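Each remark here refers to the structure printed beneath this line.
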Amino acid sequence: MTDTQLKGLGIGRWMVLYSPRLLIIAAVASFCANWQFAFQITYVNTSARAFHKLASRAYQTSHGPSVSLSADEWSSQWSTIVSSFYPGSIVGFLLMPIMVSRLGTKLSMGILSFPSLLGCALQLLAALPSAGVVLLDIALCGGRFLVGIQAGAALCFLPLFLIEISNPASRSLLSTFQQVSQAVGTLLGLLFGSETLFPMGEYRIVWLQLIAAIPSVLLIVLLSVTPPTPHYLMHEGVEVTKVLDSLKYYQGTSADLLSLQNDYTSHAMKGQPRSRIPSASWKGFAIGSLAAVSYSFTADDLIDTFSSTILHGAQGEDPSTGYIPEIDHSADLMSLGLGVVLVLASLGGSFLVDRFGRRPLIILGLIFTALFNFIASFFLSSLPSVVLLFFALTKASIGLGAGAPAWFLTSELVALPYVPLFQSLSTGLLLCSSMIVTFFYLPLSLVSPPLSLLLLSSIPSLILAILLFLFLPETKDKSPRDIELKLASRTLSGFKSKVDEIGRNGFSNYGSLRDTEYLIQ
């Protein structure tokens, strides 16, 4: 087959842009970086019964064998345990940009991966037969807090790492690995957490922590065996031959030193004072933060964390009186099915986001999640099949549209020198809002299940969709300069202007597959 035929099929473009090594490194880094966030919020979903048994045993150890853990006490304790992961993730995202400026992206992420190993080890103490309430809470909350440090840092690390190892034209596809990795981690968390689907016996908590630690170890190994990134070497001012060697290692035949120099120059913070950050970048950060926070209100994390509990309640079970095995099995199967829907939808969304653009997908995704969660809220206490159907539609809407853009839009909306700072902050806001939503769901559901889903998902999702419709410009096929002009030229930057007709061949920070055609001709 000739080069012209390969080009016509799009194969030639892929061979130039994506070396096998680049794809493997990006895929492994994306999976490992997203693992703790995805796994920690989902394995507690289907393993809630195992944790309830631990808490009941610890309660009787502390208060006597004749005293039982009440539903209200368990709800409060469980909300605290589950939510303790998020303060750690906030600490992680705050540490990451500080450490990156001093140690570089790779070394910083390697160092911040070790708290997750310590956190997994600490949670093993909760499985001790002699553990009382205090030790149980310290082990689980403290352990999840430490794991959260790595999770929060890793979510900020991944966009920076992909920028440092790839050229602008290849970043569109690589950036969507984050959503796909989240979906796969979610599915595995639901599977490993379920005793009915993946039996582990009495040492379930121990095995779960060992499983949780494996990708963190893999990430440390990956960061140790791969060379310093081209951007880091440029920053350190090493000789050109070493920079070129690193460039060829990551990018293969698409390695271009001149392109790297231009890319690095645009990203480098040439000592510019914070007061000189342009107003368009502040506006881009605000809009990007709205997009990031919107992910929290899709109910993705709520479904991942509490779908088993929700489906138990919809089938008429009170967890405070013990779990019914038949309901437990069906609820776990339903939760796993939701995970499969998210994985398949996310794979499709990886290509749709580049084909149709970020703006329409995230706005339509939010509108549909608001609608589907609104309908599901009225059946939370009665019809599990209806709840499952509309939760599945919500998951599909997240994977196909509302999910992927939320993770990286900020990096396309701000001037390139400020991407590390603002992308980290917007990711941190996503984590903060997820923490708030997760913490308040169970207490609100005790008052009114429909109201909890409306207040924590449907209403804020719809509001954010309207705000993004008004202010979010399309970033696909736009250069950073075009986006900056669009943000500065109109208050309601979501509407078309003359700027939209400028620079049709420009690159966004994550590039676009369509942008690359003229490079290969």
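As a basis for the values below, the full set of heavy atoms in this structure was taken, side chains included, without hydrogen atoms, waters or symmetry mates. Just so we're clear, the structure is a prediction, and the values are computed from it rather than from any experiment.
- No donor-acceptor contact under 3.5 angstrom links the side chains of Thr369 and Lys395, judged on distance only.
- Side-chain contact between Tyr250 and Ile25 is present, with at least one heavy-atom pair separated by less than 4.5 Å.
- For Arg359 (side chain) and Phe469 (main-chain N/O), a donor-acceptor pair under 3.5 Å exists by modelled atom type.
- Contact annotation: the side chain of Cys141 approaches that of Thr80 to within less than 4.5 Å [non-hydrogen atoms, C-beta and beyond].
- The two atoms that bring Phe391 and Leu453 nearest to each other are CE2-CD2, 4.0 Å, heavy atoms only.
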One pair to check against side-chain contact (heavy atoms from CB on, under 4.5 Å): Leu361 and Leu400. What are the steps and the verdict? CA-CA 7 Å; Leu361 287 187; Leu400 292 172; over 6 Å; no
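- Between Ala26 and Leu162, the shortest heavy-atom contact is CB-CD2, 3.8 Å.
- Going from atom OG of Ser296 over to atom CD1 of Ile436 covers 8.5 Å, rounded to the nearest 0.5 Å.
- Leu444 and Ser452 make their closest contact through CB-CB, 3.7 Å (heavy atoms, listed as atom of the first residue, atom of the second, distance).
- In this structure the side chain of Phe422 reaches within 4.5 angstrom of the side chain of Ser281, judged on heavy atoms.
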Hey, mind stepping through Phe145 and Val91 against side-chain contact (heavy atoms from CB on, under 4.5 Å) and telling me if it holds? CA-CA 9 Å; Phe145 177 87; Val91 172; 3.9 Å; yes
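- Once rounded to the nearest 0.5 Å, the distance linking CD1 of Ile90 with CG of Leu430 reads 10.5 Å.
- Here the CD1 atom belonging to Ile367 is positioned 12.5 Å from the OG atom belonging to Ser458, to the nearest 0.5 angstrom.
- The closest side-chain heavy-atom distance from Leu222 to Val28 is below 4.5 Å.
- Below 30°, between 30° and 60°, or above 60°: for Tyr86 and Phe37 the angle between ring planes is above 60°, a perpendicular geometry.
- Qualifying ring-ring contact (aromatic ring centres under 6.0 Å, His included) partners for Phe31, counting only residues two or more places apart in sequence or in other chains: Trp35.
- In this structure, CG in Leu112 is found 4.5 Å from CE in Met99, a value given to the nearest 0.5 Å.
- Listed here is the closest heavy atom pair of Ser108 and Leu103: OG-CB, 3.7 Å.
- Rounding to the nearest 0.5 Å places CD1 of Ile398 at 11.0 Å from CD of Gln182.
- Residues Met109 and Gln150 are in side-chain contact: their nearest non-hydrogen atoms beyond the backbone lie under 4.5 Å apart.
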Working for side-chain contact (heavy atoms from CB on, under 4.5 Å), residues Leu107 and Leu223: CA-CA 8 Å; Leu107 181 57; Leu223 296 175; over 6 Å; no
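- Nearest heavy atoms, Val147 versus Ser116: CG2-O, 3.6 Å.
- For the atom pair Cys432 SG and Leu425 CG, the distance stands at 10.0 Å (nearest 0.5 Å).
- Side-chain contact between Thr427 and Thr410 is absent, with no heavy atoms from C-beta onward closer than 4.5 Å.
- Side-chain contact, Ser30 with Ser181: no donor N or O sits under 3.5 Å from an acceptor N or O.
- Counting heavy atoms from C-beta outward, Gln36 and Ile149 have side chains that stay 4.5 Å or more apart.
- Looking at heavy atoms from C-beta onward, Leu409 lies in side-chain contact with Leu472 at the 4.5 angstrom threshold.
- Closest non-hydrogen pair, Val341 versus Ala396, comes out as CG1-N, 3.9 Å.
- Asn373 and Ser457 are linked by a side-chain donor-acceptor pair at a separation below 3.5 angstrom, with hydrogens and angles left out of the test.
- None of Thr298, Leu290, Ile363, Ile362 except one satisfies the side-chain contact (heavy atoms from CB on, under 4.5 Å) rule with Leu464; the exception is Leu290.
- Under the 3.5 Å distance criterion, the side-chain polar atoms of Lys283 are left unmatched by any main-chain donor or acceptor of Leu413.
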side-chain contact (heavy atoms from CB on, under 4.5 Å) between Leu366 and Leu462, worked out: CA-CA 7 Å; Leu366 287 172; Leu462 188 58; over 6 Å; no
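- Using a 30° and 60° split on the angle between ring planes, Phe372 and Phe368 fall in the parallel class, below 30°.
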